[in-house]
Every structure is written in structure tokens, then in C-alpha cells.
Amino acid sequence: MNEKVLLIDDEEDFIDILSERLLNREMDVETSTSAKEGYDKALKENYDAIVLDLKMPEMDGIETLKKIMEKNPDMQVIILTGHATLDKGVKAMKLGAIDVIEKPVKIEDLVNKIHTAQANKMMIVENKMHDKMKNLMGSKGW
Amino acid sequence: MTKHGLLFFGNVTASISHELKNVTAIINENVGLLEDMLLMQQKGAELNIERLARMQKNLAKQIDRSDEIITNLNIFAHSIDEAQKEIKTHEFLEYIIRISSRLTSMNSVTSELDNSSENITLNTNAFYLLNLLWMIIIKSSKSINSGDKIILSSKSFNNYKAILINLHQVSDEFLDNIKNDVQIIAALDTLGYEIEVDYKNAEIKIIINN
């Protein structure tokens, strides 16, 4: 199944080429060069993974991550940044990011992390479905 | 160098290195895409010449960008060479605008040189004057409205020269904070300059008595 990915980064030249390379790897990619627009997209669409930069105008990556996780705690967010200080990395992981990677990144590494994100997400969905079924069966006394 | 000076040195080099990282990341993606295209060509796909031409333009753009960043870093490194140096204010203000632009843009604020500014000559410690202006610009960018501009200018008065930072609209409290900021006062003392604020016009004036 094609992974559905959202890339949020204010470096347009970067995001254009990265999205093209992920498309070449048969991923379904959307992009956003503004954190606010990216946040809106993250709430409307169901992505397997969001790849998010930390340093952006208007709303920085940490704030964007926090807002996304508040609305959707199951969202799989990978931080991809040129500014991966240890404290920012720890903060991002505490807020729920699944990984923090530094630019420039090897495409295979990013692709692997997106695969992992998709697998995590499928597991979360399956677990939720399982719990729902269990509750339903318990309530009906089957 | 004072503790504040070291902090400033760290802030500027961190900001510049981040910009360079972004350029490296774009070059990395271009090289990667080239590799993808070559692999696809080996598997029988035709090379997209138009796409190659766009990549060449993009790479040339990133080389120009990195050259500008490294030039800015080099100017900054040499700003500490001499205790007193003759500077032309316009060149100097344009330089501080360039090196602070990445951080001001994080707050959706831009800085620019006023058209009516007077290009004056100063004998100053370039490093500490950069430090002083950097602090005022970065603090201002966090306090003025998103989308607003910081307008810089220089002017000769009867008994003194001045660098003016106009913020268009800002609270009196912010201007008071600038006037009483410990780090700003330390930089002013090192330079032997004074500061005045104009609440009505939201303007900060650095008074240079030499």
C-alpha cells in the first residue's frame, strides 16, 4: 500500500525535490511550505507520516508538533531538521515525535522511517479495532 | 571578549551554520534525484533533459546562496580584528540586516534600510556595534506585529551622529525594556554610546558622540 506522507518545510527548493524523490518511490506525497497550512492539512487528511522541519516562520516545528499531537495523538511525526540540538530533539520526542533526523538525510533512511511510521499506524488502528470489537462483544453478552 | 560578546558570536554562527545546513540539504536532494534519474535511465527510461536543466539552475542558485552565506560569515569573523575601524553606515546596516534576516523571518518580520538614510562614516568597534544592533533587531522582531518592518537608518545631527531603529508601532513597555536591558547597556558602555527612545514614533536612537 502506498504511504501517504505530508512534508512540512519552509525551504521550497528542498521540499520540491524531496517530494519528487518520494513520489519516485511510489509514495503519495503532499507538501506545505507553511507550518499553519501544514497543520490544517494534518487535521483534515489521514497521513501515514508527517515529516516536519523545526525552524519555520510564523509557527515553529515544536509548536506545530504540539498542536498536531493534541488533536491527533496517534499521528506519526518525523522531525527532519538542520538544527537538531539535543534539547530540541528530546523535547520533540517527549511531545510524541517518533524520530528526529538531521539534514541532509539519506533517502533510504527517511524511506525506512516512513515505512516504520506506516507500520506503527496500522498497528494502532488494528489495536483500536480490536478493543472496539472486544467492548462491543462484551456489551452484547456474546 | 565579554560573556555577552561570546553569546553573540555563538548566536550568529549558529544561525549561519543552520542556513548552510539547509543549502547542503538541497544540494544533497539534487544529487540524490540525479542518482534516481540515472538509475531509471539504466532501466530504460529516457533522461528528462528539461528536468536536468532545472536541476542545474537550482544547483547554481544554491552555490550562489552558500557563497553569500560564507562571505557573511567571513565578514563577521573579521569584525573582531580591530578595536576601532572606519565603517560606512549603509554598508554596515545592510550587513546586519542580512545576517539577522533568518531569525527575524522566523517572526515574520523583515528589516530594511530607510531610503532617506544618510550614509555616514563612523569610527567604531564593529563587533560590538553589530552585537548592539543584533540584540535590538532580534528583540524587536519578537515584539512587533507579524508582517511589520524594522526600518534602520543613520543620520548626522549638530553635535552627534545616530543610528535609528524605527518599529512603526510597539508598546512603551517594550521601549522601556530595551532602554533598561542589561546586555544592551553593557554593549552601549563598551562602545561609549547612549540610547534614547521616542515613544510617539516607536523609535530607538543610538547616540554616537564621536
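Per chain, numbering begins at 1; letters A, B, ... match sequence-line order. No experiment lies behind these values; they were computed from the predicted model shown.
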Using a 4.5 Å cut-off on heavy atoms from C-beta on, say whether the side chain of A/V105 contacts that of B/E29.
yes
Given B/E19, B/R65, B/M55, B/Q62, the one with more heavy-atom pairs under 4.5 angstrom with chain A than any other is B/R65
Looking at B/K155, I'd like to know if its NZ atom is crowded, meaning that more than 12 non-hydrogen atoms belonging to other residues, nucleotides or ligands lie closer than 6.0 Å.
no
Atom NZ of A/K66: over 12 foreign heavy atoms under 6.0 Å:
no
Contact class of B/R54 relative to chain A, heavy atoms under 4.5 angstrom:
neither
Does anything in residues 13-23 of chain A reach chain B? List residues with heavy atoms under 4.5 Å apart, or say none.
A/D13, A/F14, A/I17, A/L18, A/E20, A/R21
More than 12 non-hydrogen atoms from neighbouring residues, nucleotides or ligands closer than 6.0 Å to CG on B/N115, yes or no?
no
Would you say A/K55's side chain and B/M106's backbone share a donor-acceptor pair under 3.5 angstrom?
no
Would B/K61 and A/E12 pass as an ion pair if we require N to O under 4.0 Å?
no
Nearest heavy-atom neighbours spanning B/S105 and A/P57
O-CB, 3.1 Å
Bottom line for B/S146: the part with an atom under 4.5 Å from chain A's heavy atoms is neither
B/K142 atom NZ, neighbour heavy-atom count above 12 within 6.0 Å:
no
Neighbours of chain A found in residues 32-43 of chain B - heavy atoms under 4.5 Å
B/G32, B/L33, B/D36, B/M40
For A/P104 and B/K21, which heavy atoms make the closest approach, and how far apart are they?
CD-NZ, 4.4 Å
Pick from B/T24, B/N30, B/N107 with the largest number of heavy-atom pairs that fall under 4.5 Å of chain A:
B/N30
Test item: B/N22 and A/K103 side chains (from C-beta on) under 4.5 Å apart, heavy atoms:
yes
